[in-house]
Amino acid sequence: MCGRFASIKSSTQLANEYEAVDGTRGRVVEPDYNIPPTHAVLTVVARHPRDANGTPDPASIVRSIRVMRWGLVPHWAKDPAIGSRLFNARMETVADKLAFRAPAAQRRCLIPADGWYEWRREEGRKRPFYLTSNDRESLALAGIWSVWRDPAGDADGPPLATCTIVTTPSAGEPAEVHDRMPLVLPRKDWGTWLDPDADLGVDGVAALLRPPGSDVLGRIEVRPISPAVNHVRNNGPGLLERFEPVSLPASLDISRLVSKS
DNA sequence: CCAGACGTTGTT
DNA sequence: GTCTGG
DNA sequence: CCAGACGTTGTT
DNA sequence: GTCTGG
């Protein structure tokens, strides 16, 4: 699963890391250690550039960093609020589901993350963990995206670009925390995933989707963190710090003395 | 044909 | 927009 | 994902 | 219990 993550690199840094141009057009996305669905994120896409008339040039492909809102709003949506529920797409079904099929076939993207958060259920409680790469590189999360125009708004206004993160069954270290995880793509797969000409239909998309291999899983570190991350208003590098809840010996455990009525 | 959904997670 | 269910 | 609301009438 | 907002 992936319902909260951290992205702390600038569009300039990401342009370098992903060999892309900075296409954010002046929209600044600040480093964010606690991104929930519906917030702005930096993404990577590869598209045919368009001329003044909007006609794409099939001869060239430009990879660029773009700002999108997390939570996919299909082009036919009447209300963009639907995006708050479409923030993940299952790898197993993304090529078939009505809301995701067209974006999966035509508009795939990467969503760079420095790490993501998971909550593990333990004895009826939830404990947060940060899952991050053990090197300096960001994790390239597989995503799909869409463009929405408000049918009640002006047709010339800027359309809303939105995205969703593809999930896969967990394996390796992440499986200790949760049974689903975002699909992290190794660098060698970025090109084929982003290829705008691979408009493949259901079978073609399915062929692009591989569960994470040991190359990816071996890079991921799992770290218990403070429940401060629970609240979206909390932000900053402190959220990433290792945190072990204090477990007192039973003789000193005051919780059993506190009234639970 | 029209109406209504279109999704994931987790929980029981 | 497109599919499913009635 | 988690936190917090979950409602109307009428008033400033 | 379930939905919305962040």
Side-chain angles (χ1 to χ4, degrees), chain A residues 1-7 29-41 67-107 111 113-132 139 141-151 155 159-160 162-170 174-184 199 201-202 205 209 222-236 239-240 243:
Chain A
M1 221 292 316
C2 186
R4 206 79 75 79
F5 70 102
S7 179
V29 177
E30 299 293 339
D32 197 333
Y33 294 84
N34 202 352
I35 307 173
T38 72
H39 278 212
V41 293
V67 179
M68 299 188 195
R69 199 179 82 167
W70 182 20
L72 192 121
V73 180
H75 70 92
W76 40 256
K78 295 184 192 76
D79 180 358
I82 191 177
S84 66
R85 297 190 299 287
L86 302 182
F87 58 88
N88 282 160
R90 293 172 68 88
M91 182 190 85
E92 300 92 320
T93 54
V94 64
D96 303 307
K97 293 289 185 180
L98 211 38
F100 298 141
R101 195 179 58 190
Q106 299 158 16
R107 288 180 300 278
I111 302 168
D114 292 274
W116 78 94
Y117 300 103
E118 298 283 13
W119 283 258
R120 181 162 78 188
R121 292 187 177 272
E122 302 177 345
E123 300 151 13
R125 305 228 166 265
K126 287 188 181 185
R127 208 180 147 194
F129 290 79
Y130 183 55
L131 295 93
T132 186
L139 299 167
L141 311 187
I144 60 176
W145 61 287
S146 189
V147 173
W148 181 80
R149 279 181 181 284
D150 186 348
L160 177 68
T162 62
C163 60
T164 189
I165 294 172
V166 177
T167 67
T168 185
S170 286
E176 305 293 319
V177 176
H178 206 81
D179 63 346
R180 309 276 312 169
M181 63 180 278
L183 180 59
V184 179
D199 183 348
V202 173
V205 170
L209 291 161
V222 178
R223 181 189 310 163
I225 56 167
S226 154
V229 71
N230 292 7
H231 216 295
V232 169
R233 68 172 168 245
N234 294 326
N235 212 310
L239 294 180
L240 312 185
F243 173 90

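Order of the sequence lines sets the chain letters (A, B, ...), proteins ahead of strands, with each chain counted from 1.
Every residue two or more places apart in sequence or in another chain was checked for a side chain to side chain donor-acceptor pair (under 3.5 Å) with W70(A), and none qualifies. For Y33(A), the side-chain contact (heavy atoms from CB on, under 4.5 Å) partners two or more places apart in sequence, or in a different chain, are I8(A), Y117(A), N235(A), P237(A), L239(A), L240(A). Taking the side-chain contact (heavy atoms from CB on, under 4.5 Å) definition, one finds that E122(A) meets it with R120(A), R127(A), F129(A), sequence neighbours left out. With sequence neighbours excluded, no residue forms a ring-ring contact (aromatic ring centres under 6.0 Å, His included) with F100(A). With sequence neighbours excluded, no residue forms a salt bridge (charged side-chain N to carboxylate O under 4.0 Å, His left out) with R149(A). Every residue meeting the side chain to side chain donor-acceptor pair (under 3.5 Å) condition with R233(A), not counting sequence neighbours, appears here in chain and number order: H231(A). Residues that satisfy the salt bridge (charged side-chain N to carboxylate O under 4.0 Å, His left out) test with E92(A), not counting sequence neighbours, are R90(A), R180(A). Partners of T162(A) according to the side-chain contact (heavy atoms from CB on, under 4.5 Å) rule, which considers only residues two or more places apart in sequence or in another chain, are R69(A), L72(A), V73(A), S146(A), L160(A).
As rounded to the nearest Å, dG5(E) and dT9(B) have P atoms that lie 22 Å from one another. Distance check on atom C1': dC1(D) versus dT8(B) gives 11 Å, rounded to whole Å. Comparing the P positions of dA5(B) and dC3(E) gives an interatomic distance of 12 Å, to the nearest angstrom. For the C1' atom pair drawn from dG7(D) and dG6(E), the interatomic distance equals 22 Å after rounding to whole Å.
P103(A) pairs in a side chain to side chain contact (heavy atoms under 4.5 Å, CB included) with only one of the listed residues (V147(A), T164(A), I144(A), V94(A)), which is I144(A).
Here T93(A) lies in heavy-atom contact (under 4.0 Å) with sugar-phosphate atoms only. Residue contacts for W119(A): at a heavy-atom cut-off of 4.0 Å it reaches the sugar-phosphate backbone alone, with no base atom in range. Within 4.0 Å of D79(A), counting heavy atoms only, lies no atom of the nucleic acid at all.
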Under 3.5 Å, side-chain donor or acceptor atoms of residues 79-86 of chain A against the rest of the protein: list the pairs with distances, not counting sequence neighbours.
unit_1: D79(A); atom_1: OD1; unit_2: A81(A); atom_2: N; d: 2.9
unit_1: S84(A); atom_1: OG; unit_2: A81(A); atom_2: O; d: 2.9

Its contact letters, B for base, S for sugar-phosphate only and - for none at protein heavy atoms under 4.0 Å, make nucleotides 1-6 of chain E read ---S-B
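Pairing each heavy atom of L141(A) with each of C2(A), the nearest pair is CD1-SG, 4.5 Å.
The span of DNA chain D lying next to chain A, judged by atoms under 4.0 Å from heavy atoms, is bounded 5' to 3' by dC1(D) to dG4(D).
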Pairs under 3.5 Å (Watson-Crick or G-U), crossing ones as [ ], inter-strand ones as |: DNA chain D comes out as ||||||......
